[in-house]
Protein chains: 2
Amino acid sequence: MRNAEFDKEKVLRSAMNAFMNKGYANTSMQDLKKATGLHPGSIYCAFENKRGLLLEALEQYRLDRKAEFDKFFSATERTIDNLKSYLDNVVNECVSCDNTQACLLTKALNETAEQDVEIQQIISNNLSMLQQAFADKFEQAKNEKDISADKDSEHLARYFLMGIYGLRTFAQTHPKPEVLTQLAEQLYQDVLR
Amino acid sequence: MRNAEFDKEKVLRSAMNAFMNKGYANTSMQDLKKATGLHPGSIYCAFENKRGLLLEALEQYRLDRKAEFDKFFSATERTIDNLKSYLDNVVNECVSCDNTQACLLTKALNETAEQDVEIQQIISNNLSMLQQAFADKFEQAKNEKDISADKDSEHLARYFLMGIYGLRTFAQTHPKPEVLTQLAEQLYQDVLR
DNA sequence: GAGTATCTTGAACGAACATTCAAAAAGGAA
DNA sequence: TTCCTTTTTGAATGTTCGTTCAAGATACTC
């Protein structure tokens with residue numbers, strides 16, 4: 001017997017960065033070799049093919065984002081404060097020009113839409129889970145009396161997520177921090193109102 | 001002498017549809033041949049190369065969208081009603097599952113970001129022009145007393161555009177008409193408030 | 001420490017890609 | 001009609017792509 005040498009999580013994070021930087025189709029096997037440090041044969045041995053690598057990278061991305069989400073929403077007792085922190089973090093990600101600014105999910109969704117139904121379904125499910133997680137937090141904020149009881153948590157979650165999508169796209173052309181901050185501020189206000 | 005046989009506008013619209021359907025990188029020359037009806041040689045003769053075709057398609061897209069914009073905003077006297085119609089049209093585009101649902105600009109922006117600075121610049125400029133056009137309309141609505149005078153038209157335009165971006169992305173995973181309509185409705189309300 | 005199962009390596013593969021080009025076709029001018 | 005110029009055609013080009021595979025390396029088992 002012999003175990004694999006590489007750290008799978010590290011490899012997957014390298015791969016997801018590569019995919020986010022250049023897009024899935026434009027990321028060649030050579031790019032992936034350079035990014036992950038794995039030779040083609042190893043990649044095919046571990047992930048079957050390039051698409052398999054994307055699939056596992058998407059799953060790792062989901063886990064990482066879930067951990068990040070939980071971290072933000074266990075920071076303070078007041079849910080709406082955590083929500084604000086989360087949103088501020090999105091803005092900061094957009095401002096700092098590193099590749100993390102783009103969400104792998106929406107990026108891959110844009111690219112593979114209408115072409116690979118299975119991947120589209122996986123991404124949709126991931127985004128739905130995020131939406132549901134937000135809805136739960138809005139429900140919590142209602143219990144904490146920070147959001148009026150007559151609001152629909154599901155709708156708030158959808159609107160909030162829509163705002164984040166829009167913010168990220170907007171940031172790609174106008175990444176001025178003060179403008180993004182202002183947009184995020186209004187989004188936050190509109191959701192609370 | 002001899003004139004070219006093909007209708008350039010038709011060819012460009014076919015090409016932009018192909019690019020929107022499969023993405024720029026994933027659209028092969030064979031796809032473009034099938035979509036436009038032009039043989040490779042003709043494409044290279046007329047547009048230099050695949051990238052040149054994208055450049056001209058982007059310009060055609062800008063012209064088409066500008067015409068569409070002007071059509072909507074000359075429909076009625078009240079600017080905010082036209083704004084609402086414009087937004088409803090975005091929702092309708094998202095609901096009908098044809099490829100037009102994705103904006104070529106944001107799609108290409110997502111794909112070529114960080115890779116082709118010139119194209120990124122062109123797209124940014126186009127989106128800035130759209131943003132400015134919205135700002136002008138919001139200013140007009142202020143003059144028509146439908147939006148309070150203390151609002152910042154530029155900010156409203158940015159927020160509105162952000163909402164449209166978000167709506168389009170959201171629609172890719174959850175294209176239920178009533179949900180999108182509800183989101184668009186709140187966006188409209190939040191902008192007017 | 002020998003045997004073996006598994007992983008790593010990187011050269012090699014066919015396919016598909018964007019691009020080129022020379023020959024054929026066709027419009028315009030005479 | 002004839003000639004010239006430009007376009008159209010589609011096969012050919014070299015490159016790069018994702019993928020495979022056989023040989024070498026390595027760690028675990030006994």
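Just so we're on the same page: letters track the sequence lines, and every chain starts at 1.
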query: Can you tell which of C:dT8, C:dT19, D:dT8 lies closest to the side chain of B:Asn49?
result: C:dT19
- prompt: For the residue pair B:Tyr86 and B:Phe69, does the interplanar ring angle fall in the parallel (under 30°), tilted (30 to 60°) or perpendicular (over 60°) class?
  reply: perpendicular
message: Measure CZ/A:Arg51 against P/D:dG18 and give the value in whole Å, please.
response: 15 Å
statement: To the nearest angstrom, the CD1-C1' distance between B:Ile43 and C:dA18 comes to 11 Å
query: Can you check the B:Phe6 CZ to C:dA26 P distance for me, whole Å?
result: 17 Å
query: Distance-only, no hydrogens or angles: does the A:Ser85 side chain make a donor-acceptor pair with backbone N or O of A:Asp81 under 3.5 Å?
result: yes
- request: Report the relative orientation of the aromatic rings in B:Phe47 and B:Phe6; use parallel for angles under 30°, tilted for 30 to 60°, perpendicular for over 60°.
  value: tilted
task: Could you check how far CG of B:Leu54 sits from C1' of C:dA18, rounded to whole Å?
output: 15 Å
Residue pair A:Lys107 / A:Met20: nearest heavy atoms and the distance that separates them: NZ-O, 2.9 Å
Ring geometry between A:Tyr165 and B:Phe170 (parallel below 30°, tilted from 30 to 60°, perpendicular above 60°): tilted
task: Taking only the side-chain nitrogens and oxygens of A:Tyr44, find out if one of them lies under 4.0 Å from OP1 or OP2 of D:dT19.
output: yes
- line: Taken to the nearest whole Å, CG/B:Leu38 to P/C:dA18 is 15 Å
- prompt: Rounding to a whole Å, what distance do you find between A:Asp116:CG and D:dG18:C1'?
  reply: 16 Å
- prompt: For every nucleotide of nucleotides 10-17 of chain D, 5' to 3': is a protein heavy atom under 4.0 Å from its base (B), only from its sugar-phosphate (S), or from neither (-)?
  reply: B------S
- request: List for me each residue that meets salt bridge (charged side-chain N to carboxylate O under 4.0 Å, His left out) alongside B:Lys8, sequence neighbours excluded, and say none if there are none.
  value: B:Glu56
- request: Write down the distance between CD (B:Glu48) and P (C:dC21), rounded to a whole number of angstrom.
  value: 14 Å
d(CZ, A:Phe47; P, C:dT8) in whole Å: 10 Å
